[in-house]
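On a predicted model such as this, the values are computed, not experimentally measured, just so you know. Just so we're on the same page: letters track the sequence lines, and every chain starts at 1. What's counted below: heavy atoms across the whole structure, side chains too, no hydrogens, waters or symmetry copies.
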Amino acid sequence: MKAKNRDQSLSDSRELDGSYDQLTDSVEDDFELSTVCHRPESMDKLQEQTKFTKKELQVLYRGFKNECPSGAVNEENFKIIYSQFFPQGDSSMYAHFLFEAFDTNKNGSVSFEDFVFGLSIILRGTINDRLNWAFNLYDLNKDGCITKEEMLDIMKSIYDMMGKYTYPTMQDDVPREHVESFFQKMDRNKDGVVTIEEFIETCKKDENIMQSMQLFDNVI
Amino acid sequence: MAAGVAAWLPFARAAAIGWMPVASTPMPIPPQEKTKGKDGLIILNVSGTKFQTWRTTLERYPDTLLGSTERDFFFHEETNEYFFDRDPDIFRHILNFFRTGKLHYPRQECIAAYDEELAFFGIIPEIIGDCCYEEYKDRRRENAERLQDDEEMDMSNDAPPVNLTYREFLWRAFENPHTSTLALVFYYVTGFFIAISVMANVVETVPCGVLPNRSKEMSCGDRYALAFFCLDTACVMIFTVEYLLRLIAAPSRYKFMKSVMSVIDVVAIMPYYIGLVMTDNDQVSGAFVTLRVFRVFRIFKFSRHSAGLRILGYTLKSCASELGFLLFSLTMAIIIFATVMFYAEKGSTASKFTSIPAAFWYTIVTMTTLGYGDMVPKTIVGKVFGSICSLSGVLVIALPVPVIVSNFSRIYHQSQRAEKRRAQRKARLGKIRAAKIRGTNVYMRYKQNGLLINSLEEASKEAGRALVAKAPSPPFESQHNHLLHCLEKTTNHEFVDEQTFQANCMEISVMNKSGSRASSLSSSPHGLSSCCSRRHRKKSSFSLPSTNNQELSTIQIRERPVANSRSSLNAKLDETVPLKCDKPYITPSMVSLSAPVVTSSDGHGSITTAAYSQSNIVRVSAL
């Protein structure tokens with residue numbers, strides 16, 4: 001019988017009972033907890049900087065802290081949280097784009113301030129602010145214009161959230177067609193990209209979009 | 001569903017801003033918020049221990065007692081709190097479930113009490129977190145087995161049922177000797193004869209003294225051949241009769257013949273019969289003698305009489321791989337040392353180590369520290385290696401044996417646990433999947449109900465009848481459903497469940513996009529365009545009040561088959577939705593499976609539960 005160290009015997013016993021998952025490492029790796037803790041600024045300051053009332057901030061923070069006790073959410077957690085709202089499809093790509101949009105200082109984690117600033121714009125901002133934010137979300141490389149490739153990525157991520165079981169059956173070229181129709185509507189000068197001015201102008205003229213922007217007034 | 005992250009729902013709804021500019025169709029109307037100041041603290045008084053939590057925390061899980069209107073039954077006016085006459089210690093865990101979304105099982109609590117509390121508060125145990133689930137299931141199984149054992153003991157002490165067939169009675173007598181006196185007698189008689197037979201086989205070979213007309217000593221078997229033969233015949237007759245009776249009485253003869261015990265029985269009595277038919281020929285007598293060896297297998301028949309033997313046999317069987325490994329390593333060591341000893345002793349004269357296989361015997365005897373001394377090395381090299389062999393024998397054999405013993409007990413327990421876990425996981429995943437499916441069905445029913453309610457409200461106003469009181473829907477559910485609805489609008493595709501999807505794939509060819517409303521209402525329509533157009537039209541102008549009324553009355557009167565009429569009212573893919581209404585939905589937090597629709601949209605549940613004709617509290621309050 002060969003001598004076994006603890007790890008070896010642990011993994012052996014796990015192999016023996018068939019519950020060992022080859023993908024995960026030994027148990028010790030999971031014991032390293034991240035000790036990073038982030039505390040938000042005081043509520044007064046946040047109240048000045050955003051358009052939420054104290055009570056709303058309280059509700060938001062409680063929910064935030066519940067899911068992310070360490071005070072900041074990284075992209076993994078963000079995707080996990082968002083995916084719980086869309087059990088049928090794959091929302092990871094769209095969650096990634098959202099994360100990029102919320103993480104304004106590009107440090108790989110969304111703190112409560114980032115979270116609340118973003119929400120403040122979407123839920124309490126003017127139409128212009130909201131449209132700006134949406135444009136920022138679409139503009140993946142933040143160069144001030146949306147190309148067809150960027151829009152296609154966004155569109156695919158939205159359609160991915162629907163999942164496989166839809167009615168009518170999802171064809172492969174549906175996102176592309178949708179992008180085409182979007183560009184037809186938005187791209188005024190037909191130069192293949194949508195700039196912020198074209199975007200805002202077209203959206204303001206579109207009644208549907210204006211109406212849907214009103215939805216966000218009552219979210220909180 | 002996503003109730004665990006309910007607090008993040010505003011964020012998810014805000015994130016929908018990314019869909020708005022892309023959508024080509026208008027978004028659905030969001031659900032109206034009730035009074036916003038409802039987020040207050042609730043006091044829960046459980047047998048004197050006061051717990052407090054936010055109202056919204058409890059309402060995350062509308063399928064449970066605390067999250068639904070059911071808790072109003074426990075409201076105590078004088079003290080303005082909710083009073084529950086239950087165990088506060090266990091309640092702590094239940095409340096933690098609402099707070100964190102994970103249910104834990106406290107190890108020190110009694111499993112039955114815990115189950116009762118879960119059932120009372122409407123939480124199904126399958127959502128217990130992974131950290132505690134195994135322990136929970138183990139305790140539950142133990143408890144169930146204990147109860148079952150008690151039941152069985154009670155049962156076996158009862159008087160046997162009178163109307164057994166003769167065959168069943170016989171089988172029962174064989175398997176359970178304690179059931180009747182006759183069976184007990186038979187049991188002891190066969191045991192006695194097994195012992196006699198084995199003793200006779202043994203005594204047969206003892207030398208019995210010298211007969212006057214023979215020179216050498218004879219064994220008792222030869223001297224009293226006739227007596228032994230008669231004894232043997234008697235035993236074999238008893239065994240044969242027993243075997244035949246068991247064969248007749250067995251409920252499944254094929255299974256019986258395959259079982260180990262029956263094989264042992266056959267092997268025990270065959271030599272006698274073979275010996276009968278064989279002549280006293282010299283050629284076959286050798287084989288005959290070999291067959292007599294099999295008579296010793298009669299001793300294994302004792303395993304019917306002893307449970308310990310059976311357990312030993314089973315454990316050996318289950319530990320076979322470990323024993324096999326021990327044997328393999330021993331064989332390796334034996335071969336190595338035998339080879340070494342052979343070549344070491346090759347030079348010495350008159351060496352007993354004539355070949356490597358001959359040296360096997362020496363190696364085995366030395367390694368097991370027996371040391372018979374019939375083969376000893378003579379050369380110095382041989383002695384050196386001989387001593388190494390003997391020392392390593394101690395290690396190779398003595399060390400693994402306790403390890404094997406403990407290994408065997410560990411593997412035994414572990415394999416049992418692994419089996420359990422696998423079975424549990426399958427069942428759990430099945431239920432969780434069903435809950436997920438139910439989640440999407442909640443949403444789809446919300447869509448249909450939303451329109452139904454709107455149209456019916458209008459219709460009732462027109463008809464001047466107050467229908468039903470619209471109970472407030474849980475804000476979380478309706479908002480989540482609205483969110484999914486927006487996504488559908490953005491992408492111009494609709495969520496369906498798996499079955500519908502398969503059915504649609506097959507029905508693609510049959511889809512007709514007729515827009516005729518009247519026919520489509522009564523028959524089964526298809527086509528998304530017609531549905532959408534109808535839905536739009538329904539929203540804008542409720543031009544079918546009469547039909548709605550009529551349908552409504554049929555809904556109210558009829559029972560189960562009403563599902564069809566309801567589907568025709570809401571048409572579109574209801575036909576293809578195989579009305580999983582019929583199946584009880586398993587929700588993550590609802591024990592009583594009889595009220596699937598309560599959770600989807602309580603305001604709409606009133607109508608639909610009437611449609612489903614499943615008795616529950618909601619229907620009573622609605623009608």
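For A:F85 and B:F11, the ring centers are positioned 6.0 Å apart or more.
Note: B:T490 OG1 to A:M161 CE = 8.5 Å, rounded to the nearest 0.5 Å. Atom CH2 of B:W19 is separated from atom OH of A:Y94 by 6.5 Å, given to the nearest 0.5 angstrom. A distance of 4.5 Å separates CH2 in B:W8 from CZ in A:F115, rounded to the nearest 0.5 Å. Rounding to the nearest 0.5 angstrom, the gap separating the CE atom in B:M20 from the CD atom in A:Q214 is 11.5 Å. Here the CD-CG distance, from A:Q88 to B:L484, works out to 8.5 Å after rounding to the nearest 0.5 Å. B:L9 contributes atom CG, which lies 12.0 Å from atom CD of A:Q84 (distance to the nearest 0.5 angstrom).
Pairing each heavy atom of A:K185 with each of B:P21, the nearest pair is NZ-O, 4.4 Å. What you find for B:A14 and A:L123 is that their closest heavy atoms are CB-CD2, 3.9 Å. Annotation for B:I17 and A:I122: closest pair CD1-CG2, 3.8 Å, computed over non-hydrogen atoms.
Using a 4.5 Å cut-off between heavy atoms, B:L483 contacts chain A through its side chain alone, with no backbone atom that close.
Looking at A:H178, its side chain does come within 3.5 Å of a backbone N or O of B:V22 through a donor-acceptor pair.
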